[in-house]
Amino acid sequence: MSLEIVSSAKSFDGWHKQYTHVSKSNNCTMRFAIFLPPQTATGEKVPVLYWLSGLTCTDENFMQKAGAFAEAAKLGIAIVAPDTSPRGDGVADDKDGSYDFGLGAGFYVNATQAPFNQHYQMYDYVVNELPALIEANFPVTQQRAISGHSMGGHGALTIALKHPDRYSSVTAFSPITNPMNCPWGQKALSGYLGDNQDDWLQYDSSELMKNFTAKPIPALVDQGDADNFLEEQLKPETLQAAAKASSYPLTVRMQAGYDHSYYFISSFIAEHLRFHAKYF
């Protein structure tokens with residue numbers, strides 16, 4: 001798969017770069033961003049943190065707002081941020097143009113319902129296609145961690161719980177933890193997967209954690225208690241109850257006064273990077 005570079009900027013002696021490529025999973029051109037820490041300049045291979053962003057975001061939000069590069073450069077961690085959905089001419093969008101479904105809102109699932117099944121295969125893209133592309137073209141190891149925010153926190157948790165052999169650790173900020181029982185999740189899962197809720201179970205981190213039987217990987221969730229979406233959409237208490245039911249070693253930290261924004265993420269991203277570094 002050929003890569004086309006879109007932009008390049010030096011930061012903390014490393015490099016932030018954006019690329020496009022034709023995605024077989026999503027049947028369209030996709031864009032991603034990568035931060036390569038300074039250690040890679042001498043040929044050293046480094047582990048990778050995959051970051052999944054939330055509703056309405058692209059690859060740019062985290063890379064520009066999270067303030068992660070200083071700590072990533074110090075620790076020698078590459079960061080890869082994919083887009084949040086397929087895009088381009090012919091890619092289906094929500095018929096009403098709403099922000100929480102369609103473009104910018106792929107929800108990290110493999111859609112089965114027409115017309116979205118033609119392009120919206122974000123689960124396969126994140127789990128298989130993108131890591132293969134990164135590992136074939138950049139100086140990185142096969143050590144991977146995964147993290148994300150809101151819809152991306154949902155994606156990170158579900159992917160890690162389904163593939164604990166592929167990731168050494170998982171963290172999330174303000175994740176949608178029980179999408180089967182919140183408005184954002186119900187809209188996305190019904191639209192992409194249909195109305196059979198048995199098909200939704202594989203994309204609900206609370207259900208996956210409740211029934212988890214494999215060897216667990218370290219998991220950390222940060223949630224602001226001033227988050228406007230806390231009660232209706234995010235439901236961290238459901239994930240905590242699921243972890244208790246399966247004895248999963250999950251840490252959930254309620255952070256006083258923090259909301260759903262990148263002010264929250266930038267306040268704790270260095271701690272998350274150090275958390276992942278412990279397990280590489």
Side-chain angles (χ1 to χ4, degrees), residues 1 3 18-33 50-62 80-134 146-163 166 172 175-205 207-208 233:
M1 291 177 284
L3 296 175
Q18 288 177 305
Y19 291 89
T20 60
H21 71 102
V22 175
S23 167
K24 292 182 179 179
S25 301
N26 289 320
N27 192 28
C28 68
T29 296
M30 293 291 294
R31 190 177 74 187
F32 69 87
Y50 288 87
W51 173 270
L52 307 183
S53 289
L55 292 167
T56 75
C57 291
T58 68
D59 63 286
E60 293 183 333
N61 298 71
F62 176 82
V80 171
D83 203 345
T84 53
S85 78
R87 299 182 193 266
D89 294 339
V91 175
D93 194 10
D94 181 69
K95 64 181 186 299
D96 298 320
S98 61
Y99 75 95
D100 55 356
F101 187 74
L103 298 182
F107 230 76
Y108 306 103
V109 304
N110 284 340
T112 60
Q113 301 300 297
F116 300 99
N117 58 346
Q118 297 179 39
H119 298 283
Y120 285 76
Q121 306 296 310
M122 287 298 294
Y123 179 88
D124 278 351
Y125 180 72
V126 169
V127 173
N128 297 311
E129 184 177 6
L130 185 59
L133 185 69
I134 297 300
I146 192 164
S147 185
H149 172 232
S150 194
M151 177 186 74
H154 140 78
L157 287 169
T158 55
I159 287 169
L161 289 167
K162 292 175 71 172
H163 299 279
R166 292 181 62 85
I176 303 169
T177 68
N178 189 205
M180 295 182 67
N181 292 300
C182 76
W184 280 341
Q186 290 167 344
K187 181 175 183 178
L189 296 177
S190 61
Y192 293 131
L193 305 177
D195 294 331
N196 184 354
Q197 294 195 9
D198 288 343
D199 296 331
W200 301 5
L201 293 169
Q202 62 181 313
Y203 297 114
D204 188 299
S205 56
E207 292 293 328
L208 291 170
Q233 304 283 10

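The shown structure was predicted, so the numbers you read here are calculated from the model rather than taken from an experiment.
When all heavy atoms are compared, the tightest approach of P82 to F32 is CA-CB, 4.0 Å. The shortest heavy-atom contact between L193 and D199 is CD1-O, 3.6 Å. Shortest non-hydrogen contact noted between L52 and G155 is CD1-C, 3.7 Å. Across all non-hydrogen atoms, the minimal contact from G102 to S85 is O-CB, 4.0 Å. A pairwise comparison of heavy atoms in Y108 and G152 identifies CE1-CA, 3.6 Å as the closest pair. Taking both residues in full, the closest heavy atoms of P86 and N26 are given as CB-CB, 4.0 Å, listed atom of the first, atom of the second, then distance.
Counting heavy atoms from C-beta on, the side chains of L201 and M180 come closer than 4.5 Å. Side-chain contact check for S190 versus W200: some heavy-atom pair is nearer than 4.5 Å. The closest side-chain heavy-atom distance from S25 to N128 is not below 4.5 Å. For the pair H154/F107, a side-chain contact is recorded, criterion being any heavy-atom separation below 4.5 Å from C-beta on. In this structure, the side chains of N110 and Y203 come closer than 4.5 Å at one or more pairs of heavy atoms.
In this structure H149 satisfies the ring pair (Phe, Tyr, Trp, His ring centres under 6.0 Å) test together with H260, Y262, sequence neighbours excluded. Residues forming a side-chain contact (heavy atoms from CB on, under 4.5 Å) with E60 (at least two apart in sequence, or on another chain): Q18, R31, T58, Q64. Remark: D204 pairs with no residue by the salt bridge (Lys or Arg N to Asp or Glu O under 4.0 Å) rule, at least two apart or across chains. In this structure F101 satisfies the ring pair (Phe, Tyr, Trp, His ring centres under 6.0 Å) test together with F116, Y192, sequence neighbours excluded. Under the rule for a salt bridge (Lys or Arg N to Asp or Glu O under 4.0 Å), the partners of K187 that lie at least two apart in sequence or sit in another chain are D100. Remark: R87 pairs with D83 by the salt bridge (Lys or Arg N to Asp or Glu O under 4.0 Å) rule, at least two apart or across chains.
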Where do I146 and I159 land on the side-chain contact (heavy atoms from CB on, under 4.5 Å) test, with the steps shown first?
CA-CA 8 Å; I146 192 164; I159 287 169; 3.9 Å; yes
Could you walk me through whether V109 and T158 pass the side-chain contact (heavy atoms from CB on, under 4.5 Å) test, one step at a time?
CA-CA 10 Å; V109 304; T158 55; over 6 Å; no
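Between Y99 and W184, the two ring planes are perpendicular [angle over 60°; tilted spans 30° to 60°].
In this structure a side-chain-to-backbone donor-acceptor pair under 3.5 Å is missing from T84 to L55.
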